[in-house]
There are 2 protein chains.
Amino acid sequence: MSDSDTSNSMPERKRGSGVKVVYDLLRDEILDLVLPPGSPIDEVQLAERFKMSRTPIREALVRLAGEGLIDTLPNRSTMVANIDFLNLHTFFDALVLMYRVTTRLAAQHHRPEDLEVIRARQDEFAAAVRAQDALAMIATNAAFHSAIAEAGRNPYFTGLFNRLLDEGRRILRLYYQSYDDRLPQRFVDEHEDMIAVIAARDAEAADRLARTHAEQIVEQIQKLFARNDRLDLVL
Amino acid sequence: MSDSDTSNSMPERKRGSGVKVVYDLLRDEILDLVLPPGSPIDEVQLAERFKMSRTPIREALVRLAGEGLIDTLPNRSTMVANIDFLNLHTFFDALVLMYRVTTRLAAQHHRPEDLEVIRARQDEFAAAVRAQDALAMIATNAAFHSAIAEAGRNPYFTGLFNRLLDEGRRILRLYYQSYDDRLPQRFVDEHEDMIAVIAARDAEAADRLARTHAEQIVEQIQKLFARNDRLDLVL
DNA sequence: TGTATTTTATTTGTCGACAAAAATTGCAGG
DNA sequence: CCTGCAATTTTTGTCGACAAATAAAATACA
């Protein structure tokens with residue numbers, strides 16, 4: 001055996017890092033649907049899984065609840081937040097608007113180093129499309145647009161937008177785990193166009209492109225829904 | 001003596017209510033600048049002030065940190081979040097856009113009972129203007145627009161908008177506590193116009209009105225800043 | 001006197017335990 | 001067999017205590 005577990009009863013974990021570990025992992029598991037919507041969350045189970053007290057677990061849960069990723073009834077069980085399919089249009093409205101405004105702001109306020117990051121994300125997205133890896137497409141697409149939003153440098157918008165992208169990741173994964181459609185190559189091309197107009201600092205064109213791009217994505221999602229709604233409607 | 005403190009060592013406080021009490025009060029004190037930006041927050045002091053353990057205090061602080069009302073350095077002191085005067089334009093951008101979109105959605109999706117609430121808020125705002133109570137104006141104005149946003153029924157937008165209104169409350173209070181300018185009667189009239197176009201379900205007019213209204217408020221704030229900047233510039 | 005280093009004090013993160021609330025089970029009576 | 005109540009188990013909110021990390025103070029040394 002290696003030296004990693006010889007005389008080691010210390011937690012080997014730095015003070016204050018516990019919450020972050022739990023928070024990050026739970027967050028990923030929720031967004032990846034490893035913990036599907038409605039799953040009960042047991043504090044003591046998590047406590048023994050991470051080998052720490054319930055206190056840091058609880059703090060992580062409070063933060064997740066603050067972001068709307070888990071629902072917590074007082075004195076009652078806490079569970080992974082459900083997806084409100086009945087009001088999806090509010091999600092789409094917000095998503096399209098944030099696509100537009102963040103891309104527009106990126107065209108206005110980006111700095112040279114931002115473009116490199118955006119370019120890198122686009123390359124990753126293109127690779128995912130080539131590999132026809134639907135899950136990777138979802139993740140890299142979100143990262144691409146998040147990078148654009150960061151270049152816009154408005155923390156209020158990036159905050160909301162990242163939350164929307166997270167929620168979208170959950171929604172898409174819900175369908176792409178059974179149907180591995182490949183997102184069209186067109187999205188890759190549109191991303192290229194978006195990079196071009198951002199680099200050219202053309203705010204109007206950026207807005208226009210982002211809008212049509214977002215609306216196409218929304219349409220794509222709605223198509224998936226229409227196709228699946230007659231199968232597993234479990235209201 | 002009455003029977004309220006005879007044989008009463010019970011906390012007289014319901015289980016689970018502690019966090020909410022602390023959260024609500026701290027939140028109000030932060031927004032009202034009773035706790036000015038940069039104030040240190042001492043957990044144990046709060047604990048003895050509210051006569052409870054540090055645990056619920058901590059949970060309230062985590063939630064406040066999630067909303068950006070306090071900043072918390074790991075293993076270091078936590079303090080009331082500062083106002084980023086250098087990037088106020090990002091705040092204004094977000095505020096104007098949310099004014100527009102929430103008012104537009106209210107015109108599209110409001111129900112009859114929403115109008116009654118909005119009307120009530122507007123009356124309160126008008127009363128505050130008549131009384132020339134600047135602090136009440138700030139609060140009732142925020143409540144008025146928050147009610148409009150609720151009528152728009154998009155939780156993503158209302159969430160961000162309420163946060164922006166909170167931040168605006170802090171910013172305004174910072175100046176109105178020394179300068180009790182009276183916000184012009186024009187705002188009252190514009191509010192009336194907004195109610196009218198919302199009731200008429202005229203989304204375009206609602207958008208237009210909200211935009212000019214918001215931009216006037218921003219202008220008002222910027223005037224205050226220009227006037228005060230040459231006095232207490234403490235960079 | 002000023003600076004570096006050790007010592008003390010304060011504060012924060014974590015823990016185990018306990019008590020209240022809800023969920024579950026067991027039981028009695030119809 | 002079902003229904004309503006009592007007892008038990010499980011789960012959640014709170015507490016006091018302890019230890020790590022940092023800040024402050026004290027001391028040593030140049």
Side-chain angles (χ1 to χ4, degrees), chain A residues 7-27 29-30 35 37-82, chain B residues 7-27 29-30 35 37-82:
Chain A
S7 61
N8 207 338
S9 64
M10 286 188 61
E12 196 72 41
R13 170 171 52 83
K14 271 161 208 155
R15 174 192 171 85
S17 70
V19 260
K20 182 165 169 45
V21 171
V22 176
Y23 170 82
D24 287 339
L25 196 78
L26 273 190
R27 192 186 123 94
E29 290 193 351
I30 291 174
L35 296 174
S39 303
I41 295 188
D42 185 1
E43 293 178 2
V44 359
Q45 184 177 325
L46 286 173
E48 52 193 48
R49 174 177 168 198
F50 288 100
K51 280 165 188 160
M52 53 176 74
S53 161
R54 274 175 52 226
T55 311
I57 306 280
R58 235 148 179 292
E59 181 171 331
L61 292 183
V62 170
R63 295 208 351 222
L64 289 170
E67 300 179 26
L69 290 180
I70 65 177
D71 286 334
T72 234
L73 292 275
N75 281 330
R76 279 287 215 347
S77 71
T78 116
M79 47 159 79
V80 178
N82 282 98
Chain B
S7 63
N8 204 341
S9 65
M10 288 188 58
E12 195 72 38
R13 171 169 53 81
K14 269 163 207 155
R15 174 192 171 83
S17 70
V19 260
K20 184 167 168 41
V21 171
V22 177
Y23 169 83
D24 286 338
L25 196 79
L26 272 191
R27 192 186 122 93
E29 291 194 349
I30 292 174
L35 296 175
S39 303
I41 294 187
D42 185 359
E43 293 178 4
V44 11
Q45 184 178 323
L46 286 174
E48 54 192 46
R49 173 179 170 195
F50 289 99
K51 279 166 189 159
M52 54 175 73
S53 160
R54 274 175 51 223
T55 311
I57 305 280
R58 238 149 174 291
E59 181 171 331
L61 292 183
V62 169
R63 296 208 351 223
L64 289 170
E67 301 178 26
L69 290 180
I70 65 178
D71 286 335
T72 191
L73 294 271
N75 282 329
R76 281 279 220 340
S77 72
T78 113
M79 50 205 247
V80 178
N82 282 96

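Hydrogens, waters and symmetry mates play no part in the numbers below; they use all other heavy atoms, side chains included. The sequence lines fix the lettering, A, B, ..., with proteins before strands; numbering per chain opens at 1.
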> Which of these nucleotides, C:dA19, C:dT14, D:dT22, is closest to any side-chain atom of B:Arg15?
Replying inline: C:dA19
>> Pick the closest DNA chain C nucleotide for B:Pro74 and for A:Asn75 by heavy atoms, then say which residue is nearer the 5' end.
In response: B:Pro74
> Does A:Arg76 make a side-chain donor-acceptor contact with the base of D:dG13, cut-off 3.5 Å?
Replying inline: no
> Could you give the CD1-to-P distance, from A:Ile57 to C:dG16, as a whole number of Å?
Replying inline: 12 Å
> Rounded to whole angstroms, how far apart are NZ on B:Lys51 and C1' on D:dT14?
Replying inline: 17 Å
>> Whole angstroms only, please: what is the CD-C1' distance between A:Glu59 and D:dT12?
In response: 17 Å
> Can you tell me how far P of D:dT14 sits from NZ of B:Lys20, to the nearest Å?
Replying inline: 13 Å
>> Measuring from atom OG of A:Ser17 to atom CG of A:Asp24, what distance do you get when rounded to the nearest 0.5 angstrom?
In response: 10.5 Å
> Please give, in whole Å, the distance from D:dA20 C1' to A:Lys14 NZ?
Replying inline: 13 Å
> With respect to the side chain of A:Arg54, which nucleotide from D:dT12, C:dG16, D:dA21 is positioned closest?
Replying inline: D:dT12
> Contacts to DNA chain D from residues 38-48 of chain B, heavy-atom cutoff under 4.0 Å, which residues?
Replying inline: none
Atom pairs and distances, side-chain donor-acceptor, residues 45-53 of chain B, under 3.5 Å, sequence neighbours left out:
{"from": "B:Arg49", "atom 1": "NH2", "to": "B:Glu29", "atom 2": "OE2", "distance (Å)": "2.8"}
{"from": "B:Ser53", "atom 1": "OG", "to": "B:Thr55", "atom 2": "N", "distance (Å)": "3.2"}
{"from": "B:Ser53", "atom 1": "OG", "to": "B:Thr55", "atom 2": "OG1", "distance (Å)": "3.4"}

>> A side-chain contact here means heavy atoms from C-beta on lying under 4.5 Å apart; do A:Leu61 and A:Leu26 qualify?
In response: yes
> What distance separates A:Glu59 CD from A:Leu64 CG, expressed to the nearest 0.5 Å?
Replying inline: 11.0 Å
> For the pair made of CG in A:Leu73 and P in D:dG13, what is the distance, rounded to whole Å?
Replying inline: 10 Å
> So which heavy atom on A:Gly68 is nearest to which on A:Ala81, and how close?
Replying inline: O-CB, 3.3 Å
> Please, which pairs that meet side-chain hydrogen bond (donor to acceptor under 3.5 Å, both in side chains) have at least one residue in residues 72-81 of chain A, sequence neighbours excluded?
Replying inline: A:Asn75-B:Arg15
